[in-house]
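None of these values were measured; they are calculated from a predicted model. Chain letters run A, B, ... following the sequence lines, proteins first, then strands; residues in each count from 1.
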Amino acid sequence: MPWKETDDPYAIWLSEIILQQTRVAQGIKYYHKILERFPKVQDLANASEDEVLSSWKGLGYYSRARNLHTAAKTIVRDFGGVFPNTYDDILALKGVGPYTAAAISSFAFGLPYAVVDGNVYRVLSRYFGISDPIDERVGRLRLQQLAQECLVTGAPGDYNQAIMDFGAMVCTPALPQCVACPMSLHCRAYHEDRVSNLPVKAKKIAVRERHFLYFVIIRDQHILLSKRGRGDIWQGLYEPPLIEAKEQLSNIELAQKASLLLGKDISHRLLTPVERTKQKLTHQLIRATFYHFDLEVEHRDFQWFALTDLDQLAMPRIVDRHFKKMFSSGLQASLF
DNA sequence: AAGGCGTGGGA
DNA sequence: TTCCCAAGCCT
């Protein structure tokens, strides 16, 4: 992996933030792109939030990008632009938790801190046959402690890398390679035939279903968008004017709500959905319906953007994909 | 402490 | 299709 060829703590930090809850294959191109766009921590600190979010577009968990930006400013302001080199200072950075602090400490500075991520939970809970749920306090503490005891303190970086690689390639969540596994001789789960039952998770996530009705309004090669606020998904990302509904609305209700939203009476218009699509988040199912029309409107909540600038704006994937579809299919002309 | 926060890939 | 979930962190 490219970030294994560098000893720059900034690059290692970036790679670790990208890899939080993200597969290597998905994160790797973002790593190159973001490092090219912000080669030094100073470049990141001096950028605008929109620029940083834009570089993160499509990667998900956007608070990572906002926290990365905040931490870059901290490093420039409090550490003179030199990456902090103690576990506690690293842990104090916004967006850096126990896993990431241990990873940076060991990979960049050779400090003896054991990483505890999803791989480590899985490998250790199986090898030692531990059935305490890993999403509860007791199980987490027990595995953390075990991880630190197992750490090879003479080579913490290599050890940490090795146990995660082992979890990713051999001791995988589904279909682990037990037959070829060099650890199976002493693996408790293997001997007790409990591999597929470990690790244990106590809770499952409830998925909330939501209906988003988007109004794609284009005029003179400009499009009307607003920036999502705090307290909900996709904070800081751009999207067309939106109505959220409990379920399907009648045409009359739709026209009423749309008129209210846009500050303009559009009840005489026929609103035909151009596309219906959905996106599954970890804990929400978003069903989106896109309506298109041409309208002259000014509103303090919305802002006009040139269509040619759309690429540079961070948008939720469901919106991004809709736009891509609408421009590539040549539908645009017929739709407005 | 528990719930919120994205996305894409594999089974 | 549907489900699960991947190198977590914040509030």
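- Shown here are the salt bridge (Lys or Arg N to Asp or Glu O under 4.0 Å) partners of Arg228(A), two or more places apart in sequence or in another chain: Asp232(A), Glu239(A).
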For residues 158-175 of chain A, dump all side-chain donor-acceptor pairs below 3.5 Å to protein atoms at least two apart in sequence or in another chain.
residue: Asn160(A); atom: OD1; partner: Val115(A); partner atom: N; Å: 3.1
residue: Asn160(A); atom: ND2; partner: Ser106(A); partner atom: OG; Å: 3.0
residue: Asn160(A); atom: ND2; partner: Tyr113(A); partner atom: O; Å: 2.9
residue: Asn160(A); atom: ND2; partner: Pro156(A); partner atom: O; Å: 3.3
residue: Gln161(A); atom: OE1; partner: Lys4(A); partner atom: NZ; Å: 2.7
residue: Gln161(A); atom: NE2; partner: Asp165(A); partner atom: OD1; Å: 3.0
residue: Thr172(A); atom: OG1; partner: Ala174(A); partner atom: O; Å: 2.9
residue: Thr172(A); atom: OG1; partner: Leu175(A); partner atom: O; Å: 3.4

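- Of the residues near DNA chain C, Gly167(A) and Val96(A), the one whose nearest nucleotide (by heavy atom distance) lies more toward the 5' end is Gly167(A).
- In the set dC9(C), dA1(B), dG8(C), dA1(B) carries the atom at the smallest distance from any side-chain atom of Arg137(A).
- Residues meeting the salt bridge (Lys or Arg N to Asp or Glu O under 4.0 Å) test with Glu49(A), sequence neighbours left out: none.
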Summarise protein proximity over nucleotides 4-11 of chain B in one line of letters, 5' to 3': B for base, S for sugar-phosphate only, - for none, counting protein heavy atoms closer than 4.0 Å.
SBBBBB--

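- Of the two residues contacting DNA chain C, namely Lys4(A) and Leu91(A), the nearest-nucleotide position lying further toward the 5' end is that of Lys4(A).
- Between Tyr291(A) and Phe215(A), a ring centre-to-centre spacing shorter than 6.0 Å is recorded.
- dA7(C) sits 23 Å from dG4(B) when the P atoms are compared, rounded to a whole Å.
- For the salt bridge (Lys or Arg N to Asp or Glu O under 4.0 Å) with Asp50(A), the qualifying choice from Lys57(A), Lys227(A), Arg66(A) is Lys227(A), the only one to do so.
- What separates CG of Leu14(A) from C1' of dA7(C) is a distance of 14 Å, to the nearest Å.
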Could you give the side-chain donor-acceptor pairs of residues 139-152 of chain A under 3.5 Å, partners two or more places apart or in another chain?
residue: Arg142(A); atom: NH1; partner: Asp132(A); partner atom: OD2; Å: 2.6
residue: Gln148(A); atom: OE1; partner: Ala114(A); partner atom: N; Å: 3.0
residue: Gln148(A); atom: NE2; partner: Pro112(A); partner atom: O; Å: 3.1

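- Atom CD of Glu136(A) and atom C1' of dA1(B) are 11 Å apart (whole Å).
- Atom OH of Tyr30(A) and atom C1' of dA6(C) are 15 Å apart (whole Å).
- Rounded to a whole Å, the CG atom of Asn119(A) is 12 Å from the C1' atom of dC5(C).
- The separation between Ile90(A) atom CD1 and dC9(C) atom P is 13 Å, rounded to whole Å.
- Here Ser15(A) lies out of heavy-atom contact (under 4.0 Å) with every strand.
- Between the P atoms of dT11(C) and dG6(B), the separation comes to 14 Å (whole Å).
- Applying the 4.0 Å criterion to OP1 and OP2 of dA7(C), one finds that Arg122(A) has a side-chain N or O inside that range.
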Show me, pair by pair, the donor-acceptor contacts under 3.5 angstrom made by side chains of residues 251-258 of chain A, not counting sequence neighbours?
residue: Glu253(A); atom: OE1; partner: Ser250(A); partner atom: N; Å: 3.0
residue: Glu253(A); atom: OE1; partner: Ser250(A); partner atom: OG; Å: 3.3

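- Here dA6(C) presents its C1' atom at 15 Å from CE of Met169(A), a figure rounded to the nearest Å.
- What separates NE2 of His69(A) from C1' of dC9(C) is a distance of 19 Å, to the nearest Å.
- Residue Lys201(A) is classed as having no contact, given no heavy-atom separation below 4.0 Å to the nucleic acid.
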